[in-house]
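In what follows, a structure is listed as structure tokens, so that the remarks can point back to it.
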Amino acid sequence: MIRTVESEPHTSAPVLAAYSYCEAVTGQQARNFAYGIRLLPTPKRRAMSALYAFSRRVDDIGDGALTAEVKTARLEETRSLLARIRAGTVDEDDTDPVVVALAHTARRFPVPLDALDELIDGVLMDVRGETYETWDDLKVYCRCVAGAIGRLSLGVFGTEPAARGAERAPEYADTLGLALQLTNILRDVREDAQGGRTYLPGDDLAKFGCSAGFAGQLPPADSDFAGLVHFEVRRARALFAEGYRLLPMLDRRSGACVAAMAGIYRRLLDRIEREPEAVLRGRVSLPGREKAYVAVRGLSGLDTRHASRRTVRRRV
């Protein structure tokens with residue numbers, strides 16, 4: 001069982017200001033993520049915003065226009081901030097609000113800071129321009145950049161005292177992160193190609209005649225692009241189904257947060273499945289009203305009840 005602290009102790013003005021900065025970053029840059037964490041009580045919402053703001057900094061270094069050498073150096077500088085947090089040497093009046101907020105979060109919640117090292121490792125794979133020949137290869141990357149975030153989030157959420165199988169909660173959180181990342185990869189396939197990146201496994205691309213890549217608004221000539229997309233969608237759906245076994249282990253509001261974030265991506269997956277070539281024309285997204293509906297659905301506990309019934313059926 002993973003426990004978290006629910007009561008709200010006194011929080012100093014500098015720490016509150018640091019959290020406010022992180023929440024502003026989250027609200028501006030992570031609209032899908034923000035829909036979910038709005039459903040959390042204040043301490044958990046602040047902690048999640050601190051985790052996001054640090055992760056966003058790491059991603060921004062990897063996605064920027066700097067040279068690979070400079071990116072690598074900055075990522076290692078960012079890694080050194082984690083060492084300061086572990087050592088407890090971050091003062092509340094430190095000039096870096098993200099580090100102040102993350103240090104406070106690490107004191108309040110059992111977040112596995114090593115997972116942020118994994119995130120940095122994943123972004124370094126991007127910097128090196130790594131490609132992935134098989135799904136097993138890609139899973140290593142996805143676990144670094146998304147599975148790690150799932151495990152960090154679980155450190156904030158905690159598990160319910162009577163939850164069955166709670167020892168597997170980190171595994172399910174990791175799997176849900178993989179599902180979200182694979183959905184991201186499908187959604188951003190053209191944008192990534194324009195940036196010189198290819199994430200889908202090379203053997204999948206070859207199987208469906210798509211090894212030439214996705215630089216334009218049309219699939220490669222004589223390819224089965226729709227077949228490729230539907231193949232990856234089925235893989236993502238299986239990951240979602242497995243990851244959703246986490247929901248019954250969480251308290252109501254944490255479960256609602258996870259269900260809202262995952263639900264938005266599952267609906268994106270539905271859209272991509274219906275019209276595969278849309279991802280070559282631009283970024284597929286959901287309107288705000290649909291995201292709000294998913295959040296309300298998560299708060300109702302409907303997805304959690306469905307996940308509970310599926311888990312029971314598997315045991316029978």
Side-chain angles (χ1 to χ4, degrees), residues 1-56 85 92 97-113 115-116 119 146-163 166 169-170 172-174 176-177 180 243-244 246-265 291-292 294-301 303-304 307:
M1 178 179 64
I2 300 169
R3 296 183 180 275
T4 58
V5 180
E6 293 292 343
S7 59
E8 177 68 42
H10 171 72
T11 305
S12 68
V15 172
L16 289 175
Y19 276 128
S20 293
Y21 174 83
C22 293
E23 290 188 281
V25 170
T26 303
Q28 291 167 7
Q29 300 190 36
R31 293 188 176 92
N32 290 344
F33 187 81
Y35 267 92
I37 68 170
R38 286 174 189 167
L39 305 176
L40 294 170
T42 299
K44 291 184 179 182
R45 188 187 70 245
R46 288 173 177 162
M48 291 294 288
S49 70
L51 291 173
Y52 176 82
F54 188 90
S55 302
R56 180 76 264 167
I85 292 171
E92 290 188 350
V98 176
V99 174
V100 171
L102 185 58
H104 186 267
T105 291
R107 290 194 298 270
R108 287 212 63 203
F109 297 94
V111 291
L113 290 177
L116 287 171
L119 172 63
I149 302 303
R151 284 177 269 122
L152 285 161
S153 300
L154 182 62
V156 174
F157 298 147
T159 55
E160 286 286 82
Y172 296 140
D174 183 274
L176 204 50
L180 269 60
Y244 262 51
L246 174 67
L247 293 181
M249 301 177 183
L250 307 177
D251 66 75
R252 177 173 175 265
R253 290 175 72 177
S254 296
C257 172
V258 174
M261 289 189 287
I264 288 171
Y265 279 87
K291 293 178 184 178
V294 174
V296 171
R297 177 187 169 97
L299 198 57
S300 74
D303 292 314
T304 298

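Please read all numbers here as calculations on a predicted model, not as lab measurements.
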What's the shortest heavy-atom distance between [X] and [Y], and which atoms?
{"X": "L113", "Y": "A106", "answer": "CD1-CB, 4.1 Å"}
{"X": "L102", "Y": "L51", "answer": "CD1-CD2, 3.7 Å"}
{"X": "Y21", "Y": "P97", "answer": "CD2-CG, 3.6 Å"}
{"X": "A173", "Y": "R151", "answer": "CB-N, 4.2 Å"}
{"X": "L39", "Y": "A260", "answer": "CD1-CB, 4.0 Å"}
{"X": "A169", "Y": "M249", "answer": "CB-SD, 3.9 Å"}

Student check: side-chain heavy atoms of [X] and [Y] closer than 4.5 Å:
{"X": "I85", "Y": "V99", "result": "yes"}
{"X": "R56", "Y": "V98", "result": "no"}
{"X": "Y52", "Y": "Q29", "result": "yes"}
{"X": "V156", "Y": "L40", "result": "no"}
{"X": "R108", "Y": "T11", "result": "no"}
{"X": "I149", "Y": "S55", "result": "yes"}
{"X": "L154", "Y": "T159", "result": "yes"}
{"X": "Y244", "Y": "V258", "result": "no"}

**Item:** Reported CG-to-CZ distance for the pair L119 and F54, which is rounded to 0.5 angstrom
**Value:**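 The distance works out to 8.0 Å.
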**Message:** To the closest 0.5 Å, what do you measure between SG (C257) and NZ (K44)?
**Reply:**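 Taking SG in C257 and NZ in K44, the distance rounds to 9.5 Å.
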**Item:** Test side-chain contact (heavy atoms from CB on, under 4.5 Å) applied to A101 - qualifying residues, sequence neighbours left out
**Value:**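 Expected list: A18, Y19, C22, A50.
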**Asked** Just by modelled atom types, is the I37 backbone N or O under 3.5 Å from a matching donor or acceptor in the R45 side chain?
**Response**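 Not at all, since once roles are kept as given, no pair shorter than 3.5 Å links the two residues.
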